[in-house]
Every structure is written in C-alpha cells, then in structure tokens.
Amino acid sequence: MTDETPKPPAKDPMKSFRGVMAGSLIMEGITVALALPVVAKLGGGVGSLTGWSVIVIAVALIVLCGFLKKPWAVPAVLALQVALIAFFVALPAVAILGVIFLGIWLWLLWLRRDVARRMAAGTLPSQQQQPQQ
C-alpha cells in the first residue's frame, strides 16, 4: 500500500529561509547604522532625538535576528520599516533606506509564502523521491 501524501522534506526550507531573513536583518542594521554620519551632518547630530532613534532602530534590527522563530518577529520587522519611513519629515535619507528595505522585506515575505505553498503541495525538490540505487 503506497501513501500518496507528501512527505515532509528532509531539510526544513523554513529554517534556511530564516537564515536569509537574519542575513537581511544584519545587512539592514549595518546600513542603518552607517546612516549615522548623515544624521550627524544633516539631522541635528548623533545625540539628538533623530540620532538616538536611528541607533535604537539599528540595534533592534540586529537583535531581532535571534527572534525570527517567534510569530511576532516579522510584524516587528515591518513596524521598524514603517518607523524608518517616518523619518521622511526629519531626514529623508533615512526614510529612503526604509522604503528600499520595505521592498526587500515584502519580496522576502512573498518568497516565504511561495515556499510554504510549494511545501504544502509536496513539490519542493527536497520532497521528491530519490531513485533507489
């Protein structure tokens, strides 16, 4: 008797996808931190509210890497993107970073949904039966 239900993949694609998201968060945190000289020059200085806000967001992006398994992590990342975009009034250069990384995160979420859909359908390459030798 053969069972036609799709078997779970030997390797968890969502685990590797969390690695991609963590890498994206690290790159974004570094990029936001690299905006500090711009804040120092155009945004009232690093010690201003704008400067401290950028520092807090950069640190939060890096800290979120450890919480990507939690169900609230992705909404928190998206909230940080909105916070960066809110800088449009005070410092448009930082807001542009928020828009760029929001686009990246929306693309990553679309990819995650596609992988989950393909995993449920059993069509991932890791779910295909290997020929017996």
Please set out all donor-acceptor pairs under 3.5 angstrom arising from side-chain atoms of residues 35-44, sequence neighbours excluded.
none

Show me, pair by pair, the donor-acceptor contacts under 3.5 angstrom made by side chains of residues 16-28, not counting sequence neighbours?
from	atom 1	to	atom 2	distance (Å)
Ser16	OG	Pro13	O	2.8
Ser24	OG	Val20	O	3.0
Glu28	OE1	Gln81	NE2	3.0
Glu28	OE1	Trp105	NE1	3.2
Glu28	OE2	Gln81	NE2	2.9

What donor-acceptor contacts under 3.5 angstrom involve side-chain atoms of residues 87-96, with partners at least two apart or in another chain?
none

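Contact of the Leu78 side chain with the Val82 side chain is not registered, since no non-hydrogen atoms from C-beta on lie closer than 4.5 Å. Side-chain atoms of Arg112 and Val115, non-hydrogen and from C-beta on, never get closer than 4.5 Å to each other.
Applying the ring pair (Phe, Tyr, Trp, His ring centres under 6.0 Å) criterion to Trp110, with sequence neighbours excluded, gives no partner residue. Shown here are the side-chain contact (heavy atoms from CB on, under 4.5 Å) partners of Ile85, two or more places apart in sequence or in another chain: Val99, Leu102. Contacts of Ala58 classified as side-chain contact (heavy atoms from CB on, under 4.5 Å), with partners at least two apart in sequence or in another chain: Val32, Ala33. Residues satisfying the side-chain contact (heavy atoms from CB on, under 4.5 Å) criterion with Thr31, sequence neighbours excluded, are Leu97, Phe101. Legend: residues meeting salt bridge (Lys or Arg N to Asp or Glu O under 4.0 Å) with Arg113, ordered by chain and number and at least two apart, are absent.
Rounded to the nearest 0.5 Å, atoms CD1 (Ile62) and CD1 (Ile57) are 12.5 Å apart.
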Step-by-step side chain to side chain contact (heavy atoms under 4.5 Å, CB included) determination, Val59 to Val63: CA-CA 6 Å; Val59 169; Val63 168; 4.1 Å; yes

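Annotation: side-chain hydrogen bond (donor to acceptor under 3.5 Å, both in side chains) contacts involving residues 62-74, sequence neighbours excluded, are absent.
Connection of Leu106 to Leu111 is established within a shared hydrophobic cluster, with ILVMFWY side chains joined at heavy-atom distances below 4.5 Å, either directly or through further cluster members. Criterion: ILVMFWY side-chain heavy atoms under 4.5 Å apart, direct or through other members. Under it, Ile55 and Ile30 are not part of a common hydrophobic cluster. When the side chains of ILVMFWY residues are joined at heavy-atom separations under 4.5 Å, either directly or via intervening members, Leu109 and Leu64 end up in a single hydrophobic cluster.
Residue Leu80 comes nearest to Ala60 through the heavy atom pair CD1-CB, 3.9 Å, listed as atom of the first residue, atom of the second, then distance.
The hydrophobic cluster of Val56 has no other members, since no ILVMFWY side-chain heavy atom comes under 4.5 Å of it.
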